[in-house]
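Okay, handing you the structure first.
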Amino acid sequence: MSPAPALFEPITLRSRTIRNRIWIPPMCQYSAQARDGVATDWHLAHLGAFARGGAGAVIVEATGVTPEGRISPEDLGLWNDAQEQALARIVEFMHSQGAAAGIQLAHAGRKASTYSPFVEGSGSVPQQEGGWTTLAPSAVAYPGLAEPKELTQEGISAIIQAFADSAERALRAGFDIIEVHAAHGYLLHEFLSPLSNFRQDAYGGSLENRARLVLEVAEAVRSRIGEEIPLLVRVSATDWTEEGLTLEETVQVVGWLKERGVDLIDVSSGANAPIRFPIGPGYQVPLAASIREQAEIPTAAVGLITESVQAEHIVFTGQADVVLIGREALRDPHFPLRTAQHFGHRPDYLPVQYERAYR
Ligand SMILES: Cc1cc2nc3c(=O)[nH]c(=O)nc-3n(C[C@H](O)[C@H](O)[C@H](O)COP(=O)(O)O)c2cc1C
């Protein structure tokens, strides 16, 4: 028998062994229509399909650690019991299909309180329509959005606490993996990036200072969840401009995150400024490969990975330890099973109900 493709080698992070290396990245659904941050049947069907489709791990969308941390009023949240219970039901289903359950904990900073793509309106949601004043390192707006309020030291401490509290709730809901969102121009990336952080205090200026918040969040989350659960951080490895956060700086920050108990870096890029950058198949894979090599930490690659052979090549050649399949998995939630079939691999987790489709 030929060995299993690299994609189907299990991967162990702390106490969790995950059945394969094809994972689903967080993808906002803007579908908590009651605006209470509580997951709905849509989330169960959406996330459940990926678990059924053979993914190793499924990471729930950016989930606000506070109400003000949501990107849109329809985002998920994890600051109360109702939200925790709704997620626990989804985790239970994911586990029944053999997938690991992950969740991305997020604070959207100055990019919070925006219209969901399915609601009429664009830019920032005004207060009278259920929006709120956003919070950021500095009172400087993202182009086209409302001006945020500069966070005080007290405000910063409350957010660190909120990340730890949500992580504890995630653990109680049964999640196997916690991911902290420090990418895409949201709060933690806003602190990291000189494009959005103009603070004069201990949280601004030098790289050490700009990284302080994400490091404190990682430390607080790790100390709250204990030693067993893998902790991931999603970074925007570069702002795609010399004036912004650079890959070299990110490598340094990742080294510090590693010292604070982060196990794997989910490598994305950009989105803290409307800067265009070259997009093509696997466009962010070189960033994941650099971080993996230079910071000596496992990475996940993401971004236009759409073909089975392409995905296998990334993991087999050691450019990343895991691939995340986003939009291709929206088109085909069974991408992992299709990939297994492509390589003539027969995983033991074909859903029995679907066996006849794979004979
Ligand atoms: C509908 C949709 C929602 C997304 N929501 C999130 C999110 O909640 N958090 C995040 O970090 N990235 C989010 N992303 C980015 C994806 O996780 C992924 O990085 C990106 O789509 C590139 O991968 P792909 O080419 O495989 O889709 C979203 C992407 C899509 C298409």
Side-chain angles (χ1 to χ4, degrees), residues 7 21-32 37 39 42-43 45-47 49-50 53 55-65 69-78 87 102-109 111-112 114-119 163 166 170 177-190 192 214 232-238 240 264-272 277-288 299-308 310-311 314-315 320 322-333 335-336 338-339:
L7 287 172
R21 286 140 189 272
I22 308 176
W23 298 8
I24 307 299
M27 287 186 280
C28 282
Q29 298 297 292
Y30 313 101
S31 296
W42 173 263
H43 296 95
H46 161 72
L47 297 160
F50 302 131
V58 180
I59 304 178
V60 173
E61 69 188 66
T63 298
V65 296
R70 291 169 299 165
I71 301 167
S72 81
E74 291 79 16
D75 280 16
L76 293 185
L78 189 46
L87 286 168
I103 185 165
Q104 185 184 51
L105 299 179
H107 192 298
K111 285 171 83 177
T114 59
Y115 283 99
S116 114
F118 333 131
V119 172
F163 268 97
S166 294
I177 294 170
I178 309 282
E179 175 169 290
V180 167
H181 198 350
H184 300 168
Y186 298 121
L187 188 72
L188 302 182
H189 181 194
E190 288 161 20
L192 280 166
V214 70
L232 279 49
V233 174
R234 174 168 269 201
V235 296
S236 275
T238 170
W240 296 103
L264 183 146
I265 303 293
D266 171 357
V267 185
S268 190
S269 71
N272 194 27
F277 51 90
I279 289 186
Y283 62 100
Q284 291 172 147
V285 174
L287 301 170
T299 58
V302 66
L304 283 180
I305 302 169
T306 57
E307 305 276 346
S308 301
Q310 175 198 17
I314 292 165
V315 172
V322 164
V323 288
L324 297 166
I325 309 292
R327 287 161 293 180
E328 183 59 20
L330 296 182
R331 290 185 282 270
D332 175 12
F335 178 86
R338 174 151 58 87
T339 296

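What's counted below: heavy atoms across the whole structure, side chains too, no hydrogens, waters or symmetry copies. Atoms within each ligand, like the ligands themselves, are counted from 1 in listed order.
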Under a 3.5 Å cutoff, is there a donor and acceptor pairing between the side chains of S31 and H43?
no
Return the CG to CD1 distance between L232 and I178, rounded to the nearest 0.5 Å.
9.5 Å
From CG (D75) to CD (Q29), nearest 0.5 Å:
10.5 Å
Would you mind writing out a table of all protein N or O atoms found under 3.5 Å from any N or O atom of ligand 1, naming both atoms and giving the distance to 0.1 Å?
| residue | atom | partner | partner atom | Å |
| --- | --- | --- | --- | --- |
| ligand 1 | 5 (N) | C28 | N | 2.8 |
| ligand 1 | 8 (O) | C28 | N | 3.3 |
| ligand 1 | 8 (O) | A62 | N | 3.1 |
| ligand 1 | 9 (N) | Q104 | OE1 | 2.8 |
| ligand 1 | 11 (O) | Q104 | OE1 | 3.4 |
| ligand 1 | 11 (O) | Q104 | NE2 | 3.0 |
| ligand 1 | 11 (O) | H181 | NE2 | 3.2 |
| ligand 1 | 11 (O) | R234 | NH1 | 2.9 |
| ligand 1 | 12 (N) | R234 | NH1 | 3.0 |
| ligand 1 | 17 (O) | P26 | O | 2.9 |
| ligand 1 | 17 (O) | R234 | NH1 | 3.0 |
| ligand 1 | 19 (O) | R234 | NH1 | 3.2 |
| ligand 1 | 25 (O) | L304 | N | 2.6 |
| ligand 1 | 25 (O) | R327 | NE | 3.4 |
| ligand 1 | 25 (O) | R327 | NH2 | 2.6 |
| ligand 1 | 26 (O) | G326 | N | 2.9 |
| ligand 1 | 27 (O) | R327 | N | 2.8 |
| ligand 1 | 27 (O) | R327 | NE | 2.7 |

Taking side chain to side chain contact (heavy atoms under 4.5 Å, CB included) as the criterion, tell me which of L264, D266, V267 meets it with R234.
D266
T238 meets the side chain to side chain contact (heavy atoms under 4.5 Å, CB included) criterion, sequence neighbours left out, with W240, S269, L287
For E328, does the CD atom sit with more than 12 other heavy atoms under 6.0 Å from it, leaving out its own atoms?
yes
